[in-house]
Amino acid sequence: GQQVMQIPQYQHVQEGEDFTTYCNSSTTLSNIQWYKQRPGGHPVFLIQLVKSGEVKKQKRLTFQFGEAKKNSSLHITATQTTDVGTYFCAAGAGSYQLTFGKGTKLSVIP
Amino acid sequence: DAMVIQNPRYQVTQFGKPVTLSCSQTLNHNVMYWYQQKSSQAPKLLFHYYDKDFNNEADTPDNFQSRRPNTSFCFLDIRSPGLGDAAMYLCATRDWAGGTDTQYFGPGTRLTVL
């Protein structure tokens, strides 16, 4: 089945530093979604990217979808302690299923 | 207002004792999912429904069954829970409104197997 590789697995940053997580697939994706899961919580939808080369911003978060639609990234500028959690990418390939990456767990040191 | 509701939030069962987890949604979405999430891992899809059409993932154990009596409700039955089934079970719905494909997760049921 489809696999989505997400790196890094863990990231510790000082508050105010930037953070990036990357998601890669060996196959072309129809779309990619990003979710945030706070400790003890459930995944919460952040955004969906559909178009080749698409870039979307949500305040300090910037999401990119690669030109070949095989990779994506989430970048957080000037992290805050409220950004703590695990960030998952989830890839759609035209079916009802989504394949989740293993997630990047972000820790922010105040 | 809660849109995807899961009950109970915490469930403790004994090894081999059947358990049922429930999920309800107020969104009227056609697609519903059950995921299993173990500590520090990604959600793993167990089943999904499109309306009443049931789709089982190939590697979902036979020990796990599901029912969807109507659009609003979906149940996960674990017939003989083992220690390895202890996990968070997440229900989700899916919508394609406005061209955006979104999954809405419930808060989850944390299952403990003694």
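Please read these numbers as outputs of a predicted model, since none were measured by experiment. Side chains are part of it too, since the values below use all heavy atoms of this structure and drop only hydrogens, waters and symmetry mates. Quick note on labels: first sequence line is chain A, next is B, and so on, each numbered from 1.
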Residue part contacting chain A, namely of Gln41(B), when any heavy atom lies under 4.5 Å: backbone
Engaged part of Tyr35(B) at the chain A interface, taking heavy atoms whose separation is under 4.5 Å: side chain
Side chain, backbone, both or neither of Gln37(A) within contact of chain B (heavy atoms, under 4.5 Å): side chain
Parallel, tilted or perpendicular, as decided by the 30° and 60° cut-offs, for the rings of Phe64(B) and Tyr89(B): tilted
Pi-cation contact, Tyr10(B) with Arg110(B) (under 6.0 Å, within 45°): no
When Gly108(B), Ala42(B), Ser40(B) are compared by non-hydrogen pairs under 4.5 Å with chain A, the top option: Ala42(B)
SB check Arg79(B) Asp62(B) (cutoff 4.0 Å): no
Which atom of Thr20(A) lies closest to which atom of His75(A), heavy atoms considered: OG1-ND1, 2.7 Å
